[in-house]
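Here the structure comes first, spelled out in structure tokens, and everything after it is commentary.
What's counted below: heavy atoms across the whole structure, side chains too, no hydrogens, waters or symmetry copies. Start at 1 and go down the list; that is how both ligands and their atoms are numbered.
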Amino acid sequence: MSGLTRARRAAAVAATAAAAATALLAAPSAVAAPQPIVGGTTTTTSAYPFMMQITDASQDQFCGGTLVSPTKVVTAAHCMTGETTGSVRVVGGRTYLNGTDGTVARVGHIWIHPDYRRVTRGDDVAVLTLSTPMPYATAPYVSSSDTAVYAAGSTARVLGWGTTSSGGTSSNQLRTATVPTVSDSSCASSYRTRFVPSDMVCAGYSSGGVDTCQGDSGGPLLIGGRLAGITSWGDGCAAAGYPGVYTRLTTFSDEVTAQVGR
Ligand code: 4AZ
């Protein structure tokens, strides 16, 4: 979960080019190239048409979301705290943060899980109802009986425009990475009582290096091509022993389905 304000995030995006140029000039061979999300590759909304930017009224991105029906977007509850239907927009079909293409939708209703209090207590799920439909393919999501998808070592795909290092700058282009799911016992060893296995699933390499980060929140964790998790929190990004923590969507799929049908 990001501590950055939207203004600071916007400033961070603007600083990206200058910082990269400085790093290249100062140490062209000693500095590793910035990595996607943390450690992944660039992609496009054409490849992942259900990948939505959640933005403010100025279309500045602050979270991700997943289109699950033409008018419904699944995101994180913590992305929506303090927001109103008038303060947010959903942008589809826009690969670049500085783009003006794609489709902008207003939001007519925000459902935040009624039990949500803070990311480390779970229930980090929200469903947005768009005022106008998105002309993009939707993502299927897991049903409540699909818990086998989380078996340790399953390959999961994450997507987002978040920072490419902890405390770093956002990516102008959408990025993706794959990470293995982590057993609940292993994740509990890292996060102790902050890991709530009924509501969360962890993913990442034991050595770190690949992860979601600030600004990726609300975006999808896909397993077998289905939405199975929502980027939620973690201690830092890509650190060894501290995998990313995602909302365990099977726990909430019936509640999501109730919202999708409303
Ligand atoms: C965030 O602040 C955030 N490394 C998202 C994911 C992770 C940490 C922080 C997981 O949006």
From CA spacing to verdict: ring-ring contact (aromatic ring centres under 6.0 Å, His included), W233, Y191
CA-CA 11 Å; W233 68 280; Y191 291 119; 4.7 Å; yes
Just distances here: any N/O of [X] and N/O of ligand 1 closer than 3.5 Å?
| X | result |
| --- | --- |
| T231 | no |
| S217 | yes |
| T212 | yes |
| V245 | no |

Which ligand 1 atoms, with their elements, are less than 4.0 angstrom from a heavy-atom of G215?
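Those atoms are 11 (O).
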Against heavy atoms of D211, which atoms of ligand 1 measure under 4.0 Å?
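So the answer, numbered in order with elements, is 4 (N), 10 (C).
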Quick check on Y205: does its OH atom have over 12 non-hydrogen neighbours (other residues, nucleotides or ligands) under 6.0 Å away?
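Yes, the 6.0 Å shell around OH holds more than 12 heavy atoms from other groups.
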Check contact between S166 and ligand 1, using heavy atoms of the residue and a distance below 4.0 angstrom.
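Outside the 4.0 Å threshold, so no.
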If only atom types and distance count, is the side chain of [X] paired as donor or acceptor with the main-chain N or O of [Y] below 3.5 Å?
| X | Y | answer |
| --- | --- | --- |
| S171 | L174 | no |
| T247 | L249 | no |
| Y150 | A228 | yes |

Between P243, G236, G244, which one has a non-hydrogen atom sitting closest to atom 8 (C) of ligand 1?
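Considering heavy atoms of P243, G236, G244, the nearest to atom 8 (C) of ligand 1 sits in G236.
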Would you mind listing every salt bridge (charged side-chain N to carboxylate O under 4.0 Å, His left out) that reaches into residues 126-142, with sequence neighbours excluded?
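Qualifying pairs: none.
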Does a side chain donor of either S232 or H78 reach within less than 3.5 Å of an acceptor in the other side chain?
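On atom types as modelled, these side chains do not qualify, holding no pair under 3.5 Å.
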Any idea which part of W233 is under 4.0 Å from ligand 1, heavy-atom wise: side chain, backbone, both or neither?
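Under 4.0 Å from ligand 1, W233 contributes backbone atoms alone.
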Under a 4.0 Å heavy-atom limit, does C213 contact ligand 1 with its side chain, its backbone, both, or neither?
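C213 to ligand 1: backbone contact only, side chain stays beyond 4.0 Å.
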